[in-house]
Every structure is written in structure tokens, then in C-alpha cells.
Amino acid sequence: MKKTLIIFTLLLATTVTGAFAQKSDVIHLTKDVFLEKVCDYKANSKTWQYKGDKPAIIDFYADWCGPCRKLSPILEEIATELKGEIYVYKINTDKEPEVATAMGIRALPTLLFVPMEGTPSGSEGFVPKEELLKAIDTFLLKKSTIKE
């Protein structure tokens, strides 16, 4: 009886925790998914050709990087707030060094702002949320920053 009660309690705790857990809107990429959904640098190494259907931010990070850990919850918020307008991708450079090398990543964190057309723009180091939102509005979503 005691064993059954413990198992029931553990199952209940797991169910309740899962019910309140928030699903992330950030998309973690592997090399294969990057090649398929973002840019196939192997097939075309000379020019950038974005494969996505929405603008994107790509966060090149590592788990051991302090500024990366500080930026991560901000990107989670942005991914949720702008769901449907942009993608927020993350690539762990320790797990996917080939992608980082192919994209010329030399510092962490590095954010790559990827518009639907044209060349991506990069930013190295921690960026506050307000600056990220401004860059998203002007560079990715092409919203005017001039108030009428």
C-alpha cells in the first residue's frame, strides 16, 4: 500500500509539473535542420540564401557562456511575444561547431538577424531587450520608427 501511494504521488507530481511547464517558442537547431530550414551553406557556399518563410534571429551560444545565459530568457520572451512574425533560432556552438565556423562566428553570444531578403546582419555580445526589439522592428519587420 505504501509503495502504491508513493508511485501515485510521484505520478501526480509529474503530471501537475508538466501541466504548468511552459513550452518554449525558441527553436533549437542541429546542423541538419539548419541546412534544411535556414541556409544550405554546403550546396551554396558563396552566397547566402535564406530558406525560411519569416524573418529570423539566430542565437549562436554555448552553455558555459555567461552573457549567453543572460540573453537566453530575453530571447524566450521575444520568441513568445513575436510568435508568428519571426523565428528565434538557437545553435549551441559546442554541439554544432561546423555551423558556427561556416557562419563565421568568432564570439559568443552572436546574434544573426536574418531578413526575408538580403544579407543577414550580426551582433556580438549581450544586447538588451529594448535594443533587440528596435533591431527587429527596423531590420527584420521593416516597421517605421518615426512617429507621426
Side-chain angles (χ1 to χ4, degrees), residues 7 10-148:
I7 291 172
L10 288 173
L11 285 173
L12 181 61
T14 303
T15 304
V16 170
T17 303
F20 290 106
Q22 185 177 6
K23 184 180 176 281
S24 175
D25 292 313
V26 170
I27 302 164
H28 292 264
L29 298 177
T30 62
K31 177 184 87 171
D32 292 336
V33 176
F34 184 90
L35 292 170
E36 176 189 337
K37 295 189 180 225
V38 179
C39 177
D40 189 349
Y41 57 82
K42 287 186 170 201
N44 190 357
S45 63
K46 299 204 187 291
T47 58
W48 171 267
Q49 185 173 5
Y50 181 49
K51 295 179 159 196
D53 59 357
K54 289 182 259 193
I57 296 175
I58 306 172
D59 175 26
F60 290 89
Y61 77 99
D63 292 332
W64 51 262
C65 168
C68 298
R69 289 193 307 267
K70 187 176 174 185
L71 183 61
S72 188
I74 294 170
L75 291 172
E76 292 277 350
E77 289 174 15
I78 288 173
T80 301
E81 292 169 11
L82 298 177
K83 186 175 183 173
E85 293 184 70
I86 68 168
Y87 293 117
V88 177
Y89 294 121
K90 289 181 75 75
I91 298 177
N92 186 326
T93 58
D94 287 336
K95 293 181 181 176
E96 304 297 342
E98 181 182 312
V99 178
T101 300
M103 294 294 106
I105 305 305
R106 297 171 199 249
L108 298 177
T110 293
L111 296 177
L112 202 59
F113 295 88
V114 183
M116 286 304 298
E117 296 178 10
T119 306
S121 177
S123 171
E124 293 180 350
F126 176 80
V127 180
K129 184 176 180 180
E130 299 76 29
E131 288 182 37
L132 282 173
L133 290 173
K134 184 177 179 182
I136 291 166
D137 282 349
T138 57
F139 188 70
L140 297 182
L141 299 177
K142 309 289 186 196
K143 292 180 181 178
S144 175
T145 57
I146 301 171
K147 302 217 180 206
E148 297 181 28

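- With hydrogens and angles disregarded, a donor-acceptor distance shorter than 3.5 Å links the side chain of T138 to the backbone of K134.
- Note that CG of L29 and CZ of F34 are 7.5 Å apart. Values are rounded to the nearest 0.5 Å.
- When all heavy atoms of I86 and I78 are compared, the closest pair comes out as CD1-CG2, 4.1 Å.
- Between L71 and V127, the closest heavy-atom pair is CD1-O, 3.6 Å.
- Of all non-hydrogen atoms in L140 and P55, the two that sit nearest each other are O-CG, 3.6 Å.
- E36 is linked by a salt bridge (Lys or Arg N to Asp or Glu O under 4.0 Å) to nothing, counting only residues two or more places apart in sequence or in another chain.
- Note that CG of N92 is 9.0 Å distant from NE2 of H28, once rounded to the nearest 0.5 Å.
- The list of salt bridge (charged side-chain N to carboxylate O under 4.0 Å, His left out) pairs with a residue in residues 63-83, not counting sequence neighbours, reads D25-K83, E77-K129, E81-K129.
- Evaluation of the salt bridge (charged side-chain N to carboxylate O under 4.0 Å, His left out) test over residues 86-104, restricted to residues two or more places apart or in two chains, returns K31-E98, K42-E98, D59-K90.
- Scanning all heavy atoms of the two residues, the minimum distance from P67 to P109 falls at CB-CD, 3.7 Å.
- The salt bridge (charged side-chain N to carboxylate O under 4.0 Å, His left out) contacts involving residues 114-126 comprise nothing, where partners must be two or more places apart or lie in separate chains.
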| request: Apply side-chain contact (heavy atoms from CB on, under 4.5 Å) to the pair I57 and I136, showing each step before the final yes or no. | output: CA-CA 8 Å; I57 296 175; I136 291 166; 3.4 Å; yes
| task | Could you give me the CA-CA distance, side-chain angles and deciding distance for I105 and L112, then say whether side-chain contact (heavy atoms from CB on, under 4.5 Å) is met? | result | CA-CA 10 Å; I105 305 305; L112 202 59; 5.6 Å; no
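- For the pair L82 and L133, the minimum side-chain heavy-atom distance is below 4.5 Å.
- To the nearest 0.5 Å, atom CD1 of residue I74 and atom CG of residue L132 are 7.0 Å apart.
- Contact annotation: the side chain of L75 approaches that of L111 to within less than 4.5 Å [non-hydrogen atoms, C-beta and beyond].
- Sorted by first and then second residue, the ring-ring contact (aromatic ring centres under 6.0 Å, His included) pairs involving residues 45-85 (not counting sequence neighbours) form an empty list.
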| request: Evaluate the criterion side-chain contact (heavy atoms from CB on, under 4.5 Å) for residue pair V33 and V38; output intermediate values, then yes/no. | output: CA-CA 8 Å; V33 176; V38 179; over 6 Å; no
| CA sep, side-chain torsions, deciding dist, call: Y41, M103, side-chain contact (heavy atoms from CB on, under 4.5 Å) | CA-CA 9 Å; Y41 57 82; M103 294 294 106; 4.0 Å; yes
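- Here the CG-SG distance, from L108 to C65, works out to 5.5 Å after rounding to the nearest 0.5 Å.
- The ring-ring contact (aromatic ring centres under 6.0 Å, His included) contacts involving residues 111-141 comprise nothing, where partners must be two or more places apart or lie in separate chains.
- For the atom pair K37 NZ and D53 CG, the distance stands at 9.0 Å (nearest 0.5 Å).
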